[in-house]
Amino acid sequence: MWLLIGAMALLALLFVPFSQLVLGVRYNYTLRTVALGGTLLGIVSGVLGCFAVLRRESLMGDALSHAALPGVAIAFLVAGRELGVLLIGAGIASWLGVQFIYAVLKTTRIKQDTAMGTVLAAWFAGGIALLAYIQSRSDASQAGLDTFIFGQAAAIRSRDVELIAIVGLAAFVVLALFWKEFKLVTFDAEFAGANGFRVTLLNSLLSTLIVVAIVLGLQVAGVILMVGMLIAPAIAARQWTNKLDQMVILAAVFGAFAGGTGAILSALDRNLPTGPMIIVVAFLLVVFSVGFAPGRGLVWTLLRSRRDRRRFAAQTLLEDLYHYALDHGSPQQPVPNTFLLGVGGGTATLGLRQLQDRDLIQPEGDNWVLTEEGIRAAAEQAHNAQLWDVYRQYNEELDLPLIAEDRQKNIRTLLPDEAVATLERKLESMPNSMSPGAPHRVPQHASGVEI
Amino acid sequence: MYQLEQALIYLLLNFFGREEINLFLRDPQHTATIVGTLIAVSGALLGTFLLLRGMALTSDAISHTVLLGIVVAFMVMTSLLGMDPEMSSPWLIIGAAAAGVATVVLTELIYRSGLVKQDAALGLAFPLLFAVAIILVSRFVDDVHLDEDAVMVGEIGVAWANTNSHCMSNCKTVTITPDDERAEVTRQCINCRSEGLNPRDERAEFAESCSNCGTYTPSQAWRAGLLDQEPDLVFWPKSVTVMLVMMLLTVLFVVLFYKELKLSTFDAALAAALGFRPGLLHYGLMVMVSLVAVGAFDAVGSILVIAFFIIPPAAAYLLTDRLPVMLGLSALIGAAGAFFGYDLARGNFLGLVQIDGGLVWLNRVFNLNLPETWDSSISASMVLMIFFFFLMSWIFSPKYGVISTMLRRNNQRRIFSEQVVLGHIYNHQDAAEEAYEIAVPTLHEHFHWSRVKMQRVLGRLRALQLVQVKSDHVLLTPRGEQRVETFRHTQLAGEAAES
């Protein structure tokens with residue numbers, strides 16, 4: 001985890017000279033401001049986005065960013081184009097949106113998605129209607145008001161960056177103060193309620209913080225893309241860890257990386273918009289995380305399932321071979337290829353290749369014969385299966401430790417030695433039918449193949 | 001499309017005169033209302049199923065990403081095929097519908113990885129596709145039809161102006177060739193500049209070009225003054241046709257697959273077990289949503305179209321429990337919103353309130369400097385009207401409304417408190433501790449109620465002649481005793497049998 005954070009920070013630092021030397025980005029005052037602003041916003045929205053994602057309210061971010069628009073318009077009508085006032089208006093409007101959503105959810109049977117969609121569309125329509133009304137008036141001072149819809153990072157000035165830093169810091173202070181409470185209502189609201197925490201109040205406070213993050217981000221990302229900026233770093237961070245504190249830190253790092261590099265990349269060409277570039281970078285981080293995060297990542301899952309499939313194929317095939325040979329006389333008996341393919345199909349082909357690679361079988365015309373080593377391995381495997389059978393049937397009676405049944409594994413490695421010894425004794429004391437010499441099939445057999 | 005319009009016009013000409021039709025459609029209000037109603041009806045029908053399937057926000061995602069489809073199709077058509085498509089071109093619509101389905105597929109892929117929750121997957125997929133679309137637009141496309149603002153807002157108010165002209169009779173196409181006497185031919189020296197020649201030089205070569213040659217349709221010819229007699233033209237707004245087709249497709253889809261949609265919406269497992277292929281239907285629904293979203297794109301913009309999908313069904317959902325009624329109601333609410341929305345944009349709220357008056361008042365009271373005529377976006381106003389209807393059904397719905405729920409709760413609370421008091425008196429009136437258990441001044445303490453509440457309850461009980469007060473003690477009347485006993489028999493039968 002910490003290694004990853006270090007790597008990301010290093011990558012971000014290296015990106016600056018890289019963009020300068022290789023991509024030919026020229027740094028000037030504007031770009032520095034925009035990049036700094038993007039980085040700060042990435043941090044704020046990454047951290048608060050974690051809670052949105054974990055509470056399964058990702059799309060709340062979408063609804064709230066759209067819902068900010070009428071607030072911007074009304075604030076403009078009342079006070080003119082002053083960023084602080086516009087943001088306060090935006091905050092109030094989307095905060096009202098949250099309250100409306102909760103009210104609808106509480107008093108009707110309408111589900112969350114519909115309630116959010118209703119607020120999103122209705123508030124946005126109100127905003128558009130007001131903007132159209134504002135634009136109908138002749139003076140040109142409203143210019144740039146609709147940049148809130150798409151975001152216009154280039155318009156960020158250093159005063160705005162200061163504002164973002166101060167408000168973001170305030171949000172973090174609140175978050176730190178109520179960290180334990182927020183954690184509790186996020187993961188188990190009922191438990192929190194039962195323990196006397198004011199769940200409604202905490203929920204409301206947390207959604208207010210999310211509103212703050214959204215409102216700050218509107219300038220850069222715009223109402224449509226804001227949801228991506230909010231949740232993408234959090235989703236990426238979620239892949240690497242199961243701990244909330246680590247996830248929050250990681251999301252901040254990812255958000256900062258996406259915000260900063262996205263802003264710099266958009267300076268490559270005059271026509272490249274900043275907000276969308278940030279979203280694309282953030283999405284790439286998600287793809288990377290979903291693919292390569294240790295343990296959870298798709299690549300590892302894929303490799304693991306591949307390995308499992310091959311091992312399963314080899315084991316079943318070896319078992320089929322062994323039992324067929326025993327049924328027809330001795331373990332050295334050749335087994336016809338057609339039988340194996342007929343029983344196992346594609347899995348059999350996979351298994352044959354592996355067994356041959358490990359020199360457990362050798363071809364003999366159209367047949368396959370177990371080698372010495374193969375017979376030993378097959379007998380060992382059959383013995384293992386019998387031990388599992390005995391374990392399954394008698395583990396309570398013999399008072400053995402409980403383990404999850406996994407027939408692909410060797411039971412000796414899973415149970416303590418004395419327990420294995422007990423199992424062996426039990427197996428020997430049983431009637432002949434379960435001894436290795438006489439093939440015996442239990443219905444729950446791993447291969448599921450009936451011969 | 002063109003033939004369809006023609007057929008429609010012929011049909012209409014049976015009932016109305018040509019001039020009447022033209023006049024009617026040339027009024028922005030009529031065309032806007034028609035287009036809005038068509039969008040609202042198609043959106044409401046599909047939105048009902050989306051809502052019931054818990055997929056309301058899928059329409060949000062789809063309506064955003066159709067932009068990517070339009071942009072990609074646009075780029076392919078202009079740069080690879082060298083065409084000059086307009087917004088209602090069927091290829092753009094197909095591209096956009098494909099992008100809509102792609103969103104759904106991408107979301108499901110992300111979701112199926114098992115690493116990302118469903119809502120997060122949706123929230124991840126559509127900003128990405130939208131971001132890509134915006135990057136493509138601002139980097140590669142320079143076209144007036146396709147800028148970001150058109151995407152967001154769209155203006156239904158100008159739908160009347162974008163028309164196809166249909167010639168009904170008296171039709172003459174005019175072709176002007178360079179030999180024609182009406183041709184405006186100019187001679188120009190083609191090698192003067194490059195070789196630095198004087199046009200009078202004998203080496204100068206000239207080319208003739210005709211500035212007005214070509215074939216004129218009857219309407220173009222009339223406008224250019226090439227015809228003596230006016231052709232009988234009908235001007236038909238294009239978006240009316242587009243949305244009419246979308247609505248017919250939607251209605252057809254819902255009617256044809258009504259049974260399947262209903263079953264797979266309420267019990268997908270049963271639908272699958274009966275062989276109805278709910279997966280296929282799911283994608284069919286997504287294709288329809290994309291088509292309607294694209295069709296409406298031009299008129300109302302990509303975000304407001306969500307309102308037509310989500311809000312009318314939400315309102316109808318509060319009014320009824322039956323699917324056919326819900327479909328009808330949501331279509332009606334959407335259409336009513338479209339109808340009254342136009343007036344709202346012009347400052348007239350349902351014919352009751354004039355917004356201009358409110359603005360004047362605001363200016364006077366708060367000393368603001370607001371413009372005093374309200375002239376706003378029509379599509380947004382339609383959405384606001386629909387939202388108003390949602391609010392109305394939320395508050396006034398007979399079954400699920402705020403008011404009726406409140407009344408019902410109050411009623412239940414009242415009955416409960418009366419029941420409890422009656423039971424209390426019944427239990428104590430003959431016992432020894434009677435004196436303080438049923439004394440009027442202290443009765444409320446036994447229930448942890450306020451004195452006022454107790455007085456209210458007792459007042460009601462006395463009015464119903466269920467209790468009487470004798471020397472400051474409350475006692476049951478025979479009627480009251482009978483009431484309690486009936487209650488014990490019917491409601492507490494199980495308890496009585498146990499004890």
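In what follows, chains carry the letters A, B, and so on, assigned in the order in which the sequence lines appear, proteins first and then strands, with residues in each chain numbered from 1.
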Q: Just give me the residue among B/Leu124, B/Thr373, B/Leu344, B/Ile306 that pairs up with chain A most often, heavy atom to heavy atom, under 4.5 Å.
A: B/Leu124

Q. Taking every heavy-atom pair that is under 4.5 Å apart, which of A/Val280, A/Thr107, A/Leu120, A/Asp62 has the most such pairs with chain B?
A. A/Asp62

Q.
Can you tell me which portion of B/Trp394 sits under 4.5 Å from chain A's heavy atoms? Options are side chain, backbone, both or neither.
A. side chain

Q) For B/Ala380 and A/Ala129, which heavy atoms make the closest approach, and how far apart are they? A) CB-N, 3.7 Å

**Q.** Parallel, tilted or perpendicular: rings of A/Trp300 and A/Phe292 (30°, 60°)
**A.** perpendicular

(Q) For a side-chain contact (heavy atoms from CB on, under 4.5 Å) check, start with the C-alpha distance between B/Phe309 and B/Val292, then their side-chain angles and the critical distance, and finish with the verdict. (A) CA-CA 10 Å; B/Phe309 279 111; B/Val292 173; 3.9 Å; yes

**Q.** Shortest non-hydrogen contact from B/Ala314 toward A/Ile110
**A.** O-CD1, 3.8 Å

Q: Take A/Thr301 and A/Arg296 through the test side-chain contact (heavy atoms from CB on, under 4.5 Å) and record every step on the way to the result.
A: CA-CA 7 Å; A/Thr301 320; A/Arg296 266 169 80 103; over 6 Å; no

Q. Non-hydrogen atoms of chain A under 4.5 Å away: do they reach the side chain of B/Ser59, the backbone, both or neither?
A. neither

Q) Picking from A/Thr114, A/Ile231, A/Val227, which has the most non-hydrogen pairs under 4.5 angstrom with chain B? A) A/Thr114

Q | A/Met226, part contacting chain B, at a heavy-atom distance under 4.5 Å | A | neither

**Q.** Residue pair B/Arg346 / B/Ile378, side-chain heavy-atom distance below 4.5 Å
**A.** yes

Q: On the 0 to 90° scale, with breaks at 30° and 60°, tag the B/Phe387-A/Phe100 ring pair as parallel, tilted or perpendicular.
A: tilted

Q: Please flag which part of A/Ile278 lies under 4.5 Å from any non-hydrogen atom of chain B: side chain, backbone, both or neither.
A: neither

(Q) Less than 4.5 Å to any heavy atom of chain B: does that hold for the side chain of A/Ala79, its backbone, both, or neither? (A) neither

(Q) Just so I understand: if I count every heavy-atom pair under 4.5 Å between each of B/Thr405, B/Val132, B/Leu318, B/Ile110 and chain A, which residue has the most? (A) B/Leu318

**Q.** Side chain / backbone / both / neither for A/Glu57 at chain B, heavy atoms under 4.5 Å
**A.** backbone

(Q) Is A/Val104 close to chain B through its backbone or its side chain, or both, or neither, when contacts mean heavy atoms under 4.5 Å? (A) both

Q. Do A/Leu225 and A/Val220 touch side chain to side chain, with heavy atoms closer than 4.5 Å?
A. no

(Q) Students often mix this up, so state it plainly: with edges at 30° and 60°, are the rings of B/Phe130 and B/His64 parallel, tilted or perpendicular? (A) perpendicular

Q: Examine whether an atom of A/Ile235 lies under 4.5 Å from a heavy atom of chain B, and if so say whether it belongs to the side chain, the backbone or both; otherwise answer neither.
A: side chain

Q.
Heavy-atom cut-off 4.5 Å, strictly under: side chain, backbone, both or neither for A/Asp113 against chain B?
A. both

Q: Name the option with the most non-hydrogen atom pairs under 4.5 Å to chain A; the candidates are B/Gly123, B/Ala307, B/Ser113.
A: B/Gly123

Q: Could you go through the side-chain contact (heavy atoms from CB on, under 4.5 Å) check for A/Phe254 and A/Phe288 one step at a time?
A: CA-CA 11 Å; A/Phe254 281 145; A/Phe288 173 71; 5.8 Å; no

Q.
So that I can tick it off, tell me whether B/Asp321 and A/Arg109 are bridged by a salt bridge, with the cut-off set at under 4.0 angstrom between side-chain N and carboxylate O.
A. yes

Q) Under 6.0 Å between the ring centres of B/Phe340 and B/Phe349? A) no

Q) Would a 4.5 Å heavy-atom cut-off, applied to side chains only, mark B/Pro313 and B/Ile310 as touching? A) no

Q. Looking only at heavy atoms, what is the nearest atom pair of B/Ile386 and B/Gly337, with distance?
A. CG1-CA, 3.7 Å

Q.
Strictly less than 4.5 Å between heavy atoms, which residues of residues 46-55 of chain B line up against chain A? Please order them by number.
A. B/Leu51, B/Gly54, B/Met55

Q: Using a 4.5 Å cut-off on heavy atoms from C-beta on, say whether the side chain of B/Trp374 contacts that of B/Asn348.
A: no

Q) Given the options A/Gly228, A/Ala221, A/Ala282, which has more heavy-atom pairs under 4.5 Å with chain B than any of the others? A) A/Gly228

Q | CA sep, side-chain torsions, deciding dist, call: B/Thr320, B/Lys399, side-chain contact (heavy atoms from CB on, under 4.5 Å) | A | CA-CA 8 Å; B/Thr320 177; B/Lys399 196 164 178 188; over 6 Å; no

(Q) Determine whether a donor-acceptor pair (N or O, by modelled atom type, separation under 3.5 Å) exists between the side chain of B/Ser397 and the backbone of B/Tyr400. (A) yes

Q | Option that, when pairs with chain A are counted at under 4.5 Å, heavy atom only, ranks first among B/Val383, B/Ile311, B/Thr58 | A | B/Ile311

Q) At a heavy-atom separation under 4.5 Å, does B/Phe126 approach chain A through its side chain, its backbone, both, or neither? A) side chain

Q) For the candidates A/Ile279, A/Val286, A/Leu59, which exhibits the highest count of non-hydrogen atom pairs separated by less than 4.5 Å from chain B? A) A/Leu59

(Q) Please classify the contact of B/Asp119 with chain A as side chain, backbone, both or neither, using a heavy-atom distance under 4.5 Å. (A) both

Q) So what's closer than 4.5 Å to chain A heavy atoms on B/Phe390: side chain, backbone, both or neither? A) side chain

(Q) I need the residue from B/Ser381, B/Ala56, B/Ala315 with the largest number of non-hydrogen atom pairs under 4.5 Å to chain A. (A) B/Ala56

Q: May I ask you to name which of B/Leu362, B/Val305, B/Leu359 has the most heavy-atom pairs under 4.5 Å with chain A?
A: B/Leu359

